[in-house]
Number of protein chains: 2
Amino acid sequence: MPTETTTERQYSIGDFAKAVGLTAPTLRYYETEGLIEPHRLANGRRYYEEADINWVKFLLHLKGTGMSISELKQYVVWRAAGDDTIPERLELLKKVKADFLVQFNEVQHHLQILNDKINWYEEKESGITDDPESFRAYLDRFGHHE
Amino acid sequence: MPTETTTERQYSIGDFAKAVGLTAPTLRYYETEGLIEPHRLANGRRYYEEADINWVKFLLHLKGTGMSISELKQYVVWRAAGDDTIPERLELLKKVKADFLVQFNEVQHHLQILNDKINWYEEKESGITDDPESFRAYLDRFGHHE
DNA sequence: TGTTGACTTAAAGTGTACTTTAAGTAATAT
DNA sequence: ATATTACTTAAAGTACACTTTAAGTCAACA
């Protein structure tokens with residue numbers, strides 16, 4: 001039996017960019033920052049494989065939780081260093097999560113205020129809040145949001 | 001009976017900065033952007049009043065929902081133009097809210113992936129995930145996160 | 001009365017994350 | 001064969017939201 005070598009699909013930087021929802025320049029930028037390391041064809045052009053898609057998407061998820069490029073880079077460096085750095089990586093991700101949760105709570109509070117204001121404008125538009133009583137009620141509520 | 005003129009407290013820019021959790025330079029910057037318009041003492045120094053605290057805090061809530069400085073400025077301009085611009089203001093705030101909710105959902109998904117990864121590291125650290133079965137399970141879960 | 005600290009302005013600088021440009025090579029379509 | 005399109009690099013430019021600097025004024029305290 002010959003070894004079954006499933007030739008993996010090779011993506012040009014343009015096709016890969018579409019696949020992960022970034023631009024080619026952004027991918028090159030991420031590469032200079034050490035986040036990705038694509039392969040090269042004989043003519044010097046980059047190519048990416050399927051596995052790289054998952055990797056970039058995972059990076060974008062981490063980025064979406066608030067990790068900066070430099071934090072991502074640190075994570076990548078630790079990852080490349082092997083399993084010995086799992087504690088460091090775990091600590092970093094936990095810190096990111098903690099920061100995220102703080103932001104998440106704050107942002108929910110901001111939304112609450114935004115909703116209050118939208119409701120207030122809608123009441124005002126429909127003529128309800130021309131009476132000073134409900135305006136006072138609004139102010140009271142606002143006050144409690146600190 | 002003489003008119004009871006409760007003299008409002010006047011905040012210097014430094015004290016006001018502390019009160020709203022910003023720096024004096026940031027307050028001056030916001031002023032150049034048209035978000036705030038403090039009063040001036042005879043000697044040219046700015047002073048702020050209690051009502052300005054609520055105003056700035058409200059602006060910061062809006063900012064926290066994703067509004068840019070220029071959107072805040074637009075809001076302020078409309079506000080200064082009077083009640084005729086309530087529809088515009090309402091539309092802006094609704095757009096901000098809609099954008100916020102999209103981001104909010106995305107960010108929750110990012111958190112889910114982050115949590116998965118943290119759990120995976122913790123399992124791996126405690127030696128559970130050395131067996132290929134649960135690693136496959138992890139990969140499956142990961143796959144479903146797209 | 002001097003010196004410390006807070007204020008004033010305008011302008012330049014910073015950090016983050018890209019984005020764009022320039023100049024050139026290579027592959028594809030007509 | 002030629003024109004278009006995608007790629008290559010290094011470097012400069014952009015957007016946003018401040019932050020810092022410089023040079024000077026003003027008020028309060030020892």
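Each chain gets a letter, A, B and so on, in the order the sequences are listed, and its residues count up from 1.
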So, is K63(A) close to the dC18(C) phosphate, meaning a side-chain N or O under 4.0 Å from OP1 or OP2?
-> yes
Identify whether any heavy atom of R28(B) sits under 4.0 Å from a base atom; if not, whether one sits that close to sugar-phosphate; answer base, sugar-phosphate or nothing.
-> base
Might you confirm whether atom CD of E106(A) has over 12 heavy atoms from other residues, nucleotides or ligands at distances under 6.0 Å?
-> yes
Evaluate the ring planes of F100(B) and F104(B), with Trp represented by its six-membered ring, and classify them as parallel (under 30°), tilted (30 to 60°) or perpendicular (over 60°).
-> parallel
Choosing from dT8(C), dC18(C), dC7(C), which nucleotide comes nearest the side chain of S12(B)?
-> dC7(C)
What does Y47(B) touch in the nucleic acid at a heavy-atom separation under 4.0 angstrom: a base, only the sugar-phosphate, or nothing?
-> nothing
Close residues, residues 97-105 of chain A, relative to DNA chain D [heavy-atom separation under 4.0 Å] | none
May I ask you to evaluate whether T23(A) reaches the phosphate of dT19(C), defined as a side-chain N or O under 4.0 Å from OP1 or OP2?
-> yes
Relative to Y11(A), does R9(A) satisfy both conditions: NZ or CZ under 6.0 angstrom from the six-membered ring centre, and within 45 degrees of the ring's axis?
-> yes
Is the Lys NZ or Arg CZ of K18(A) less than 6.0 Å from the centre of F16(A)'s six-membered ring, within 45° of the axis?
-> no
Count the heavy atoms belonging to other residues, nucleotides or ligands that lie under 6.0 Å from CD of E37(B), then report whether that count exceeds 12.
-> no
Taking heavy atoms of chain A and a 4.0 Å limit, find me the 5'-most and 3'-most nucleotide of DNA chain D within that range.
-> dA6(D) to dT9(D)
Look at T26(A) and dT19(C) and indicate whether a side-chain polar atom (N or O) is within less than 4.0 Å of OP1 or OP2.
-> yes
Separation of Y30(B) OH from T26(B) OG1 (nearest 0.5 Å) | 6.5 Å
Report yes or no: is the cationic atom of K117(A) (NZ for Lys, CZ for Arg) under 6.0 Å from the centre of the six-membered ring of Y121(A), at an angle within 45° of the ring normal?
-> yes
